[in-house]
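Predicted model only: the values in this text are computed from it and were never measured. Below, each value reflects all heavy atoms present in this structure, side chains not excepted, and no hydrogens, waters or symmetry copies.
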Amino acid sequence: MKIHSLLLLVAALLFAATPAGAAGIRLSEAELAYLDRLGPVSLCTDPDWFPFERLSPAGRHEGIAADLIELVARRAGVTLRIYPTASWTESLEASRSGRCQLMSFLNQTPERDRWLLFTEPLFADPNVIIVRADQPDIADLRQAAGKSVALPAGTMVKERFERDYPQLRIIPTVSEEEAMHLVASGVADMTLRSLMITAHTIRKEGLFSLKIGGRLPGYDNVLRIGVVNGEPMLRDILDKGVATLTQNERDAIANRHAAISLVTRVDYRLLWEVLALGLVLVLALLYRQHHWRKLDAAQLALAEQRALAERRSREEQGRLVAMLSHEIKTPLAMIDGAAQTLSHLVDAGTPEVGRRLDRIRRGVKRLSALSECFLHKDRLDGSSLVLRPQRFDLVALVARLVADFEAAQRIAVSAPATVMVDADRELVAVAIKNLIGNALAYSPADQPVEVAVLVQAGAVLVRVRDHGEGIPPALREQLFDCYVRGQHRADIPGAGLGLYLVRRIAELHGGRAFLGESEAGAEFNLWLPDSLPADREACPGAA
């Protein structure tokens with residue numbers, strides 16, 4: 001009887017460790033019709049607030065918020081679409097302007113109530129006062145007049161501190177980590193941050209000169225989903241999903257990302273019985289694994305043979321592409337030179353011949369550009385690529401590239417006087433040239449193309465906007481894939497490689513390429529860190 005009870009207990013533990021499925025909440029016919037009309041819902045996040053949330057270099061939403069919100073949305077039948085931003089401040093601005101419908105994981109404040117509706121809380125975490133280890137604890141902030149406190153801009157804590165503790169001097173920062181570093185270096189006396197964020201940052205950054213100097217009652221993080229005003233039904237549907245979350249699910253997701261240990265009273269007698277039964281199960285699994293070991297070894301050998309064959313095939317393909325491109329360049333240059341010479345010899349009274357010579361030269365340029373695209377693709381996809389970083393002025397590079405276009409007068413550039421970056425200059429030039437050339441090709445001849453260089457925290461953004469027909473919704477998801485071209489403008493020549501090259505170059509530098517939101521035409525963004533990550537400075541080009 002006892003063994004039977006233990007088996008039931010082990011089965012219960014195994015099922016408890018399995019992720020919960022859809023909770024099967026009930027939606028009315030009106031709610032189902034509303035979701036069908038609404039389609040995918042855009043979600044703004046804090047791209048740098050781990051372990052709560054962050055955006056990976058590939059644009060994936062990760063962290064405690066990502067797992068909880070995905071679970072709520074899946075149970076409520078809501079399809080999410082991440083709206084990428086470079087900072088929390090940019091996410092707030094995008095939400096205020098209506099470019100994204102949901103805000104991920106934020107505290108409710110009177111200021112945010114002006115444009116957001118809030119769901120029930122998804123997660124709660126206390127805020128604690130962080131000071132240097134050699135400083136005394138702080139029991140009452142009202143007695144700390146004149147001291148400085150580092151707080152990230154755009155947060156609930158900063159809004160409340162400005163109102164509740166005007167005697168403190170606030171130093172605004174752009175991130176959680178910067179606030180912690182300012183305290184560690186002595187620039188600021190303290191900061192107030194989430195207990196979970198504090199533990200993660202101290203461990204990750206090695207800031208062991210810091211300590212928890214107190215806790216401020218009433219300043220706990222009660223994190224919810226924000227829904228833009230005007231969509232109360234969406235908020236109500238999400239609340240149904242929030243209501244299905246159990247405390248065990250919240251704890252399991254938090255521990256997966258922040259490794260929080262919960263200490264409880266243990267029944268050691270029952271524990272030893274369970275461990276003994278578990279040992280029997282482990283031995284059975286080891287026997288099963290031994291039975292399949294030979295098959296696994298054979299499959300591994302086959303996979304290695306296939307990988308070797310694929311690598312040799314790519315190398316042979318690269319040699320063929322390089323040879324063909326080299327062989328094509330010489331006759332193309334001869335044809336272009338001959339057409340240019342003939343254009344000077346043609347009588348001005350024969351415009352038809354001149355037009356045909358111009359058509360020949362345009363065709364030569366297209367073939368040359370296509371040959372260059374194939375060469376760049378082969379280099380970027382090759383396993384032996386090594387980035388060649390150097391420090392250069394990005395603004396000067398953009399100016400030189402713009403001047404090389406025949407339609408340079410149509411290109412409007414907005415940029416600071418100088419922006420220095422550490423990157424592979426040649427590859428960055430290829431990416432920017434492709435973005436500008438693509439915008440010129442898809443814009444009417446009487447409309448400008450706008451190029452902007454923006455400086456952000458630890459990064460730069462090159463934004464290219466055109467005034468063409470825009471990107472069809474069905475094409476947006478795969479636009480940066482290889483050999484993808486829009487069928488809506490089949491009259492424009494191309495091989496579908498330009499945007500693929502832009503994305504690969506961004507990934508190799510630890511950045512990303514993405515579509516922006518534009519009322520007219522299309523907006524393409526190349527986001528790059530202002531210095532190349534150390535692990536990419538001399539590594540193979542595979543992302």
Asker: Excluding sequence neighbours, so at least two apart, what forms ring pair (Phe, Tyr, Trp, His ring centres under 6.0 Å) with F105?
Answerer: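 Scan of F105 (ring pair (Phe, Tyr, Trp, His ring centres under 6.0 Å), adjacent residues dropped) gives F52.
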Asker: Can you give me every donor-acceptor pair (side chain of residues 38-49, partner residue at least two apart or in another chain, under 3.5 Å) with its distance?
Answerer:
| residue | atom | partner | partner atom | Å |
| --- | --- | --- | --- | --- |
| S42 | OG | Q101 | N | 3.0 |
| S42 | OG | Q101 | OE1 | 3.3 |
| D46 | OD1 | D48 | N | 3.1 |
| W49 | NE1 | E176 | OE2 | 2.4 |

Asker: Which pairs, with at least one residue in residues 416-453 and sequence neighbours excluded, count as a disulfide bond (SG atoms under 2.5 Å apart)?
Answerer: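 Passing the test, one end in residues 416-453: no pairs.
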Asker: Tell me the closest heavy-atom pair linking P121 and V242, and the distance in Å.
Answerer: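 Scanning both residues, the minimum pair turns out to be O-CG1, 3.5 Å.
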Asker: Drop me the distance from E90's CD to L92's CG, to the nearest 0.5 angstrom.
Answerer: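 Rounded to the nearest 0.5 Å, the CD-CG separation comes to 10.5 Å.
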Asker: Output all residues satisfying salt bridge (charged side-chain N to carboxylate O under 4.0 Å, His left out) with R169, sequence neighbours left out; order by chain, then residue number.
Answerer: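 So R169 forms no salt bridge (charged side-chain N to carboxylate O under 4.0 Å, His left out) with any residue.
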Asker: What pairs meet the side-chain hydrogen bond (donor to acceptor under 3.5 Å, both in side chains) rule with one or both residues in residues 413-422, with sequence neighbours excluded?
Answerer: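 The answer is R391-D422, D393-T418.
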Asker: Between R512 and A506, is there a donor-acceptor pair closer than 3.5 Å when you use the side chain of the first and the backbone of the second?
Answerer: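 No; zero donor-acceptor contacts below 3.5 Å.
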Asker: Find out whether H257 and F50 are in side-chain contact, i.e. whether some heavy atom of one side chain is under 4.5 Å from a heavy atom of the other.
Answerer: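 The answer is yes; the side chains approach within 4.5 Å.
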Asker: Looking just at side-chain N and O atoms, do D125 and N221 make a donor-acceptor pair shorter than 3.5 Å?
Answerer: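 Absent: no donor and acceptor within the cut-off.
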Asker: What are the two closest non-hydrogen atoms of A179 and T191, and how far apart are they?
Answerer: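 A179 and T191 have their closest heavy atoms at CB-OG1, 3.8 Å.
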Asker: Taking atom CD of Q409 as the centre, report whether more than 12 heavy atoms of other residues, nucleotides or ligands fall under 6.0 Å from it.
Answerer: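 Yes, CD of Q409 has more than 12 neighbouring heavy atoms, counting only those of other groups under 6.0 Å.
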Asker: Can R75 and T244 be counted as having a side-chain donor-acceptor contact under 3.5 angstrom?
Answerer: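 A pair is found: one side chain offers a donor N or O, the other an acceptor, under 3.5 Å apart.
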Asker: Kindly state each residue pair satisfying salt bridge (Lys or Arg N to Asp or Glu O under 4.0 Å) with at least one member in residues 455-468, sequence neighbours excluded.
Answerer: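 As it turns out, the salt bridge (Lys or Arg N to Asp or Glu O under 4.0 Å) pairs with a partner in residues 455-468, which skip direct neighbours, are R463-E523, R465-E523.
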Asker: If I take atom CD from residue E426 and atom CD from residue Q390, how far apart are they, to the nearest 0.5 angstrom?
Answerer: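 Those atoms lie 9.5 Å apart.
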Asker: Taking C-beta and beyond as the side chain, do I471 and L515 meet within less than 4.5 Å on heavy atoms?
Answerer: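 Yes, their side chains come closer than 4.5 Å.
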Asker: Testing the basics here: between A417 and V395, what is the closest heavy-atom pair and its distance to 0.1 Å?
Answerer: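 What the structure gives for the nearest pair is O-CG1, 4.0 Å.
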Asker: Which residues pass the salt bridge (charged side-chain N to carboxylate O under 4.0 Å, His left out) test with R425, not counting sequence neighbours?
Answerer: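 Per chain and number, R425 pairs via salt bridge (charged side-chain N to carboxylate O under 4.0 Å, His left out) with no residue.
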Asker: Are the side chains of S91 and M103 in contact, using a 4.5 Å heavy-atom criterion?
Answerer: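 Counting from C-beta outward, M103 and S91 do come under 4.5 Å.
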Asker: Report the residues that fulfil side-chain contact (heavy atoms from CB on, under 4.5 Å) with A188, sequence neighbours left out, ordered by chain and then residue number.
Answerer: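 Counting only residues at least two positions away or on another chain, A188 forms a side-chain contact (heavy atoms from CB on, under 4.5 Å) with S148, A150, I171, L182, V183.
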Asker: Spell out, as yes or no, whether a donor-acceptor pair under 3.5 Å connects the side chain of D424 to the backbone of R388.
Answerer: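 Yes; judged by distance alone, with no hydrogens or angles, the pair exists.
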Asker: For the atom pair OG1 (T85) and CZ (R99), what is the distance rounded to the nearest 0.5 Å?
Answerer: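 Taking OG1 in T85 and CZ in R99, the distance rounds to 9.5 Å.
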Asker: Dump the intermediate steps for side chain to side chain contact (heavy atoms under 4.5 Å, CB included) on Y83 and E517, then the final yes or no.
Answerer: CA-CA 9 Å; Y83 183 95; E517 297 293 332; 3.0 Å; yes
Asker: Determine whether a donor-acceptor pair (N or O, by modelled atom type, separation under 3.5 Å) exists between the side chain of S443 and the backbone of L440.
Answerer: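 It does not hold such a pair.
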Asker: Looking only at heavy atoms, what is the nearest atom pair of P126 and D220, with distance?
Answerer: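 What the structure gives for the nearest pair is CA-OD1, 3.4 Å.
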Asker: Which atom pairs, donor and acceptor, lie under 3.5 Å between side-chain atoms of residues 445-458 and protein residues at least two apart or in another chain?
Answerer:
| residue | atom | partner | partner atom | Å |
| --- | --- | --- | --- | --- |
| E450 | OE2 | H467 | NE2 | 3.2 |
| Q456 | OE1 | W527 | NE1 | 3.1 |

Asker: Give me the atom names and distance for the closest heavy-atom approach of R112 to N107.
Answerer: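 Answer, listing the atom of R112 first, then N107: NH1-O, 2.8 Å.
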Asker: Could you list the donor-acceptor pairs under 3.5 angstrom formed between side-chain atoms of residues 222-234 and any protein atom two or more places apart in sequence or on another chain?
Answerer:
| residue | atom | partner | partner atom | Å |
| --- | --- | --- | --- | --- |
| R224 | NH1 | T119 | O | 3.1 |
| N229 | ND2 | R114 | O | 3.1 |
| E231 | OE1 | Y34 | OH | 2.3 |

Asker: Please step through side chain to side chain contact (heavy atoms under 4.5 Å, CB included) for the pair L499 and N434, ending with a clear verdict.
Answerer: CA-CA 7 Å; L499 294 179; N434 272 289; over 6 Å; no
Asker: Show the numbers, then the answer: is there a side chain to side chain contact (heavy atoms under 4.5 Å, CB included) between S56 and H61?
Answerer: CA-CA 7 Å; S56 71; H61 191 201; over 6 Å; no
Asker: Rounded to the nearest 0.5 Å, what separation is found between the CD atom of E111 and the CG atom of D113?
Answerer: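 These two atoms lie 9.5 Å from each other.
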Asker: Y219: what forms a ring pair (Phe, Tyr, Trp, His ring centres under 6.0 Å) with it, not counting sequence neighbours?
Answerer: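 Listed in chain order: F161.
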Asker: Would D236 and K240 pass as an ion pair if we require N to O under 4.0 Å?
Answerer: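 Looking at K240 together with D236, the answer is no, because their closest N to O distance does not fall below 4.0 Å.
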Asker: Under 4.5 Å between any side-chain heavy atoms of L526 and L461, yes or no?
Answerer: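 When only atoms from C-beta onward are counted, L461 and L526 do not touch, as no gap falls below 4.5 Å.
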Asker: Shortest non-hydrogen contact from G59 to I82?
Answerer: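 Shortest heavy-atom separation between G59 and I82 comes out as O-CG2, 4.4 Å.
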Asker: If I take atom CD from residue E159 and atom CG from residue L151, how far apart are they, to the nearest 0.5 angstrom?
Answerer: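 So the CD of E159 and the CG of L151 are separated by 11.5 Å.
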Asker: Measure the spacing between SG of C100 and CD of E93 and express it to the nearest 0.5 Å.
Answerer: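 Answer rounded to 0.5 Å: 10.0 Å.
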Asker: Check step by step if side chain to side chain contact (heavy atoms under 4.5 Å, CB included) holds for R410 and F405.
Answerer: CA-CA 10 Å; R410 289 176 50 201; F405 283 96; over 6 Å; no
Asker: What I'd like to find out is whether the side chain of L435 reaches to under 4.5 Å of the side chain of N525, using heavy atoms alone.
Answerer: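 Contact flag for L435/N525 side chains = no.
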Asker: Go through the structure and list residues passing salt bridge (charged side-chain N to carboxylate O under 4.0 Å, His left out) with R54, not counting sequence neighbours.
Answerer: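 R54: salt bridge (charged side-chain N to carboxylate O under 4.0 Å, His left out) contacts with E62.
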